[in-house]
Amino acid sequence: MKTEALIRTIAISVSTAVLATMGVLRIVLNIDTTIAIVVSVIFSIAFAVMIYLLEKVKIEAKMSIEKNLDVSIREALDKGSIGMLAYNDDYEITWMSEYFTNNGINEINGKILNWIPELQDIVEGDSTRTTVNIGDKKYIVTKMDKYSIMTFKDVSNEYNLQTRLNEEAYVVGLLSYDNIDEANLSEDDLFNVNTSIKMPVNEYFKKNGVVYYTLKNNRMLLMMNEKTYDKIYEDRFSILGKIRKVARDLDLPVTLSMAFSRGSSDLGELSSHADELIELAQTRGGDQVVVGKIGSDIMYFGGTSEAREKQSKTKIRVIISAIMDLIEHSDNVIICMHKTADADAVGSALAMSNIALDLDKKAYIISKSGGVEPMISEVLKKYNSDLIDKHRFISENDAADLLEDNSLVVMVDHHMAAQSNGTNILKRASKIIVIDHHRRNANLDVSTMLNYIEPSASSATELVCEFFPYMSKRFDIIEEEANIMYIGLLIDTDHFRVRTGARTFDVAKDLRRYGADPMVCDELCQEPYENTMLRASILNSTKKYNENIAIASCLEGIYPRSVASQAADVLIRSKGVAASFVICMISKEETIITARSRDDVNVQIIMEKMGGGGHMHAAGLQRNDTTVAKLENELYNVLEAYMKGE
């Protein structure tokens with residue numbers, strides 16, 4: 001092509017030169033035609049030679065540049081560990097750069113997807129960039145826009161360096177031996193703790209390469225890198241279960257709580273984060289591992305033991321002293337319950353209102369917003385004339401008018417603003433305290449001055465009623481209030497069948513002294529005939545997930561929340577059932593799961609994975625704008641992962 005262009009250029013130039021020369025010689029100088037032709041030809045030949053030489057120099061210079069440039073590009077691609085290939089419409093490789101052949105790779109004429117199936121998204125245009133492995137090397141593959149050409153950049157060194165940096169990143173952990181301080185162990189028990197529990201724990205960390213240091217208050221500091229952490233993570237923190245079994249065999253109340261903080265190069269930040277995580281593990285009942293990566297969600301492992309009673313009179317006195325001080329230095333007290341308040345929420349709210357009144361502070365209970373369960377709503381109506389003489393029941397809008405800069409807002413039986421019947425109040429309040437018995441959620445969405453979250457307690461009513469002995473001598477509650485509080489205990493313990501301890505019965509005894517009548521409370525708890533039929537309908541929809549898990553899915557109809565809870569209670573009392581789940585709609589917009597379990601299954605962990613929460617033996621969740629069928633499918637997936645230990 002270059003030669004043909006040169007010939008055309010010379011021909012045109014010579015023709016032009018001949019004509020021009022003849023014209024000048026013949027017309028201007030009046031020279032004979034023959035002589036003019038001869039002179040013109042000679043001149044044109046010389047002119048043609050000159051043009052040829054000039055064009056040849058230009059072409060050779062250009063070819064030299066292209067050759068040198070081609071060599072430079074190939075050298076740059078090779079030194080940069082970059083390979084290139086081209087393929088046709090049938091996805092056959094038609095060309096590969098020297099980089100591939102230099103590395104022993106030759107796939108020309110082969111199908112690109114047979115060689116590297118992971119390139120399908122790039123070939124089909126769904127992506128322009130991906131990472132693949134070829135042999136022991138890792139490449140970033142990029143498709144050139146509009147062309148069937150791909151580049152392969154070897155990033156093995158960078159990847160290996162990043163992997164090494166990740167493996168060497170700091171992880172800070174804390175371990176706590178739960179319940180030792182509260183258990184009043186004998187010398188023999190302490191000996192068993194040291195030899196059968198603490199020594200195996202030390203050996204476990206030593207074997208796995210964890211640096212550990214014993215701190216005060218039965219705690220240990222754990223230091224490791226990500227590579228070591230991955231080893232004990234892959235082991236699923238097996239020391240937790242081993243210690244649980246040893247403690248059970250020796251009849252010791254000891255369990256482990258562990259927390260691991262990751263994701264930062266700042267040891268101070270990791271240490272502070274680990275402190276928060278170990279506190280979270282213990283407020284959730286202990287016997288579990290809490291893992292937090294800075295900026296990511298928190299993960300939980302274990303938690304298969306019910307929280308043990310570890311409340312002391314000293315701690316109760318410290319808590320009530322702090323609460324009384326906050327009340328006394330506030331202008332008024334506003335008490336929030338959770339939405340669709342149950343007997344425990346109402347009972348603990350009345351108890352808290354009485355404490356504020358005893359301290360000569362105005363107290364208000366938000367009960368006219370967010371709903372109240374039908375059974376306890378009927379009880380409130382029955383006792384209305386007696387209750388309104390002492391307590392002020394208001395709506396959330398009323399509370400907004402009463403809220404002042406120095407108001408104290410008390411959340412009872414819940415600790416998340418999203419669950420509250422006073423959500424807007426919590427957004428504006430500057431002084432908030434929480435009194436709750438549910439296992440703490442990792443991400444509190446309220447800023448509080450005091451959190452009294454005790455998962456070992458049977459109910460929020462139990463926690464607040466424990467404060468009564470520390471009040472003034474004039475403190476008193478009426479019989480109707482005592483009955484409501486007693487019902488709170490009854491419902492949350494399934495009539496003292498679950499989650500009960502010595503503290504629960506102590507509170508029940510005190511409420512009896514204030515006038516609570518168990519026979520009257522049983523009658524007040526009785527349900528309408530219609531509810532009995534609804535519960536039967538729920539039970540008829542039950543099917544087995546496996547040998548010991550029962551799931552009732554009500555695809556049609558709307559059911560009261562309390563009826564769903566009662567149905568779950570009935571199922572869990574069935575022989576061979578270790579966990580029960582009831583899924584139903586409680587309104588046109590809201591769908592719930594109510595879960596119950598025995599010691600073998602932790603429904604709180606299962607519900608947390610779906611965005612809910614609760615206790616080990618009683619938990620649940622509520623969703624808007626979903627269906628029973630969708631929740632059932634999601635529950636099946638979570639149960640499958642739970643059974644695999646994930």
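The model shown is predicted, which means the values in this text are computed figures rather than measured ones. All values below come from the heavy atoms of this structure, side chains included, with hydrogens, waters and symmetry mates left out.
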Ile433 and Leu326, any side-chain heavy atoms less than 4.5 Å apart: yes
Are Phe237 and Phe260 an aromatic pair, judged by ring center distance below 6.0 Å? yes
Distance only, no hydrogens: is a donor on one side chain within 3.5 Å (strictly under) of an acceptor on the other, for Asp178 and Ser257? yes
Have Ser472 and Asp358 got a donor and an acceptor in their side chains that come within less than 3.5 Å? yes
Quick one: does Ile491's side chain get under 4.5 Å of Cys525's, heavy atoms only? yes
Check: Glu396 main-chain N/O paired with Ser369 side-chain donor or acceptor under 3.5 Å: yes
Just so I know, are the side chains of Asn483 and Asp517 near enough to count as touching, which here means a heavy-atom distance under 4.5 Å? yes
Between Glu462 and Arg503, is the closest basic N to carboxylate O distance under 4.0 Å? yes
Are His338 and Ser420 linked by a side-chain donor-acceptor pair shorter than 3.5 Å? no
Heavy-atom check, side chain of Asp342 versus side chain of Asp413, under 4.5 Å: yes
Once you measure the plane-to-plane angle for Phe468 and Phe475, does it fall in the parallel (<30°), tilted (30-60°) or perpendicular (>60°) bin? tilted
Between Arg623 and Glu589, is there a salt bridge with N-O shorter than 4.0 Å? no
Scan side-chain atoms only and decide if Tyr559 and Asn531 contain a donor-acceptor pair under the 3.5 Å cut-off. no
With a 4.5 Å limit on heavy-atom distance, are the side chains of Val379 and Met375 in contact? yes
Looking only at heavy atoms, the pair that brings Leu380 and Val372 closest together is CD1-CG1, 4.3 Å
Among side-chain atoms of Asn354 and Glu481, is any donor-acceptor pair under 3.5 angstrom? yes
Any Lys/Arg nitrogen of Asp569 or Arg497 sitting under 4.0 Å from an Asp/Glu carboxylate oxygen of the other? no
Mind checking whether Thr500 and Leu489 have side chains closer than 4.5 Å, heavy atoms only? no
Can Ser176 and Gln282 be counted as having a side-chain donor-acceptor contact under 3.5 angstrom? yes
Report yes or no: do Ser407 and Glu404 form a side-chain donor-acceptor pair below 3.5 Å? no
Looking only at side-chain N and O atoms, does Ser395 offer a donor or acceptor that is under 3.5 Å from a partner on Asp398? yes
Are any non-hydrogen side-chain atoms of Val291 and Tyr229 less than 4.5 angstrom apart? yes
Please find the pair of heavy atoms, one from Val346 and one from Ala341, that lie closest to each other, and give the distance. CG2-CB, 4.3 Å
Supply the atom-to-atom distance Ile477 CD1 to Leu357 CG, rounded to the nearest 0.5 angstrom. 12.5 Å
To the closest 0.5 Å, what do you measure between CD1 (Ile316) and CG (Leu463)? 8.5 Å
Is it the case that the side chains of Asp344 and His437 hold a donor-acceptor pair, with the cut-off being a distance below 3.5 Å and no angle test? yes
Examine the side chains of His415 and Asp436 and answer whether a donor and an acceptor come within less than 3.5 Å of each other. yes
Do Val603 and Met616 make a side-chain contact, defined as non-hydrogen atoms from C-beta onward lying under 4.5 Å apart? no
Donor-acceptor side-chain pairing of Glu269 and Ser264 below 3.5 angstrom: yes
Any side-chain donor-acceptor pair under 3.5 Å between Asn332 and Lys361? no
Considering non-hydrogen atoms only, spot the tightest contact between Cys336 and Ile366 and give its length. SG-CD1, 3.9 Å
Could you check, using the six-membered ring where one of them is a Trp, whether Phe505 and Phe496 have ring centers closer than 6.0 angstrom? yes
